[in-house]
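Notes to accompany the following structure.
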Amino acid sequence: MLTPNQNASQTGESSDMPVEKLEIPPTGSLMLARASKNVRPRLGAAAAELDFPPVPNGIDYLVSVVNHLQPDTGGTPRDIKYAVLHLQAAAEVLLKARLAREHWSLVFKDPGKAASTKYDDASFDSCTTAAAVERLRNIAGIDITKKEADALDDLARDRNRLQHYGLTHNAKAVEARAATVLDFLVRFLDETLLPELTDGEGEAVEGEMADVRKGLSAIQSFVTQRMNRLRGNELKGKKHRTIRCPDCQQLALLTTAGMGWCHFCGTTSWSSADLAHAFQSEPQDSPLAGCPDCHAPTLTDSAEFADAKVTLYCPTCASRLIPSELRNCAACGCFCRAEAAPPETGQFLCPACQERILREEHEHYWQ
């Protein structure tokens with residue numbers, strides 16, 4: 001949780017200004033050169049100019065993100081705060097930069113009201129990050145997976161809550177989600193934006209991209225090392241009970257009947273209802289949400305297990321069910337196990353519907 005002191009902006013800081021660390025990495029001269037161009041000039045010196053075209057601007061935000069997420073020098077609640085704010089800024093800048101290359105009008109909130117004069121002086125409302133993702137997929141044909149789109153949505157929500165309302169959330173989960181988006185943006189740059197830069201533009205951002213790649217590698221190594229340790233200890237021999245955590249997206253959430261606990265991000269509040277909400281594609285009042293074993297409306301169809309077996313899963317009773325071994329009741333449509341005895345009519349009915357029909361027939365007989 002961010003305390004008021006951790007959440008407070010420091011002198012000269014805003015949510016839209018990358019915060020450079022003063023440690024000098026191997027490309028330290030580049031870092032100092034980049035930092036110096038943002039420093040207020042001394043009195044009497046020539047006035048400095050802000051010059052951040054979209055792609056270099058987005059990369060500059062990414063440099064700030066990797067500095068804030070470094071396992072050795074970052075990772076404090078305040079670091080994670082600025083990593084989230086600057087990563088969301090980078091995502092917006094870079095996604096819309098690629099969208100503008102398709103056509104400048106696509107960056108407008110309503111492309112039907114786009115005007116070149118408004119675009120030239122940036123006096124317009126731009127589309128949301130989610131809308132940019134949808135347009136890049138459908139119009140530009142850019143490959144953005146559902147997992148990546150979901151991570152961008154989660155990041156946007158974290159940023160809004162952090163910026164406007166204050167965010168109380170598990171720091172490791174926020175950090176892991178940020179790493180997922182950072183990984184996507186590096187691939188997005190490599191595949192769709194960097195190849196289109198001129199030789200001069202490419203050389204100008206080469207050093208910064210080297211910083212970003214090195215930082216991302218360190219963050220990913222940290223996640224890998226932590227997961228390897230968990231797989232060899234707390235999660236050893238429990239792949240059949242371990243699912244991907246909806247918060248940190250790591251295969252580290254150990255399930256038992258009625259609850260779950262993620263060993264990577266430490267989230268312990270996963271009740272069966274929470275897990276059902278996270279992994280159900282059917283509403284809870286649907287017959288297909290009913291578990292054949294415990295009859296609770298918590299049957300899920302999208303939980304990913306560490307053993308890679310595709311099954312339905314009920315977090316209430318911890319049952320895992322193979323779809324081919326289930327049948328649908330001809331009366332109510334719910335799932336039930338195939339070995340349930342069919343009635344004399346030959347139609348497959350769940351035990352509850354069989355009991356109901358027998359009761360109704362009995363009542364009709366004695367009327």
Side-chain angles (χ1 to χ4, degrees), residues 17-38 52-76 79-80 82-98 101 129 133 136 142-145 147-149 151-152 154-155 172 174-228 248-250:
M17 187 187 79
V19 178
E20 302 293 351
K21 291 189 180 291
L22 296 181
E23 293 86 353
I24 302 177
T27 52
S29 59
L30 289 170
M31 292 283 286
L32 290 176
R34 179 172 61 251
S36 65
K37 71 180 179 182
N38 291 319
F52 286 102
V55 175
N57 189 30
I59 295 173
D60 189 55
Y61 277 121
L62 293 184
V63 171
S64 174
V65 172
V66 297
N67 279 336
H68 284 301
L69 292 182
Q70 284 306 297
D72 296 332
T73 60
T76 67
D79 279 312
I80 295 172
Y82 280 102
V84 168
L85 296 175
H86 296 164
L87 186 59
Q88 174 63 17
E92 289 191 31
V93 168
L94 296 174
L95 291 171
K96 292 174 185 179
R98 177 59 183 84
R101 288 185 178 179
T129 303
V133 169
L136 286 169
I142 302 297
D143 179 26
I144 301 176
T145 67
K147 180 180 177 181
E148 291 165 342
L152 287 165
D154 288 338
L155 175 69
K172 288 188 177 67
V174 173
E175 188 174 4
R177 289 207 300 254
T180 300
V181 174
L182 180 60
D183 183 56
F184 159 71
L185 288 178
V186 170
R187 178 180 69 81
F188 184 78
L189 274 162
D190 286 339
E191 294 180 359
T192 70
L193 288 171
L194 295 182
E196 301 297 324
L197 297 180
T198 64
D199 291 341
E201 291 171 333
E203 291 175 2
V205 300
E206 183 177 349
E208 293 185 336
M209 282 305 300
D211 289 341
V212 172
R213 296 183 203 283
K214 183 177 179 180
L216 177 59
S217 177
I219 295 165
Q220 290 173 329
S221 295
F222 167 74
V223 173
T224 300
Q225 289 171 6
R226 182 175 175 82
M227 284 302 303
N228 286 341
C248 68
Q249 292 298 307
Q250 301 301 314

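With a 4.5 Å cut-off on side-chain heavy atoms, L87 and L185 count as touching. With a 4.5 Å cut-off on side-chain heavy atoms, D143 and E148 do not count as touching. Side-chain contact between V133 and L136 is absent, with no heavy-atom pair separated by less than 4.5 Å.
Here the shortest heavy-atom pairing between V65 and A83 reads CG2-O, 3.7 Å. Heavy atoms only, all atoms of each residue included: L94 and L193 are closest at O-CD1, 3.6 Å. The two residues P54 and V93 come nearest to each other via the heavy atoms O-CG1, 3.0 Å. Across every non-hydrogen atom of Q88 and L152, the tightest pair is OE1-O, 4.4 Å. Closest heavy-atom contact between L69 and A178: CD1-CB, 4.1 Å. Contact detail for A149 and I144: the closest heavy-atom pair is N-CG2, 4.1 Å.
Within the model, atoms CG of N67 and CG of L62 stand 11.0 Å from one another, a figure rounded to the nearest 0.5 Å. Atoms CD and CG, on E92 and N57 in that order, are 11.5 Å from each other to the nearest 0.5 Å.
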| task | For H68 and L85, run side-chain contact (heavy atoms from CB on, under 4.5 Å): C-alpha distance rounded to whole Å, both residues' side-chain angles, the deciding distance at 0.1 Å, then the answer. | result | CA-CA 11 Å; H68 284 301; L85 296 175; over 6 Å; no
| request: Run the numbers on L194 and M209 for side-chain contact (heavy atoms from CB on, under 4.5 Å), then give the verdict. | output: CA-CA 10 Å; L194 295 182; M209 282 305 300; 4.1 Å; yes
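Side chain of Q70 to main chain of V66: a donor-acceptor pair is present (N/O by atom type, distance under 3.5 Å, no hydrogens or angles). No donor-acceptor pair under 3.5 Å is formed between the side chain of E208 and the backbone N or O of V205.
Residues passing the side-chain hydrogen bond (donor to acceptor under 3.5 Å, both in side chains) test with R101, sequence neighbours excluded: none. Looking at residues two or more places apart in sequence or on another chain, you find no side-chain hydrogen bond (donor to acceptor under 3.5 Å, both in side chains) involving R226.
No more than 12 heavy-atom neighbours from other residues, nucleotides or ligands sit within 6.0 angstrom of CG on D199.
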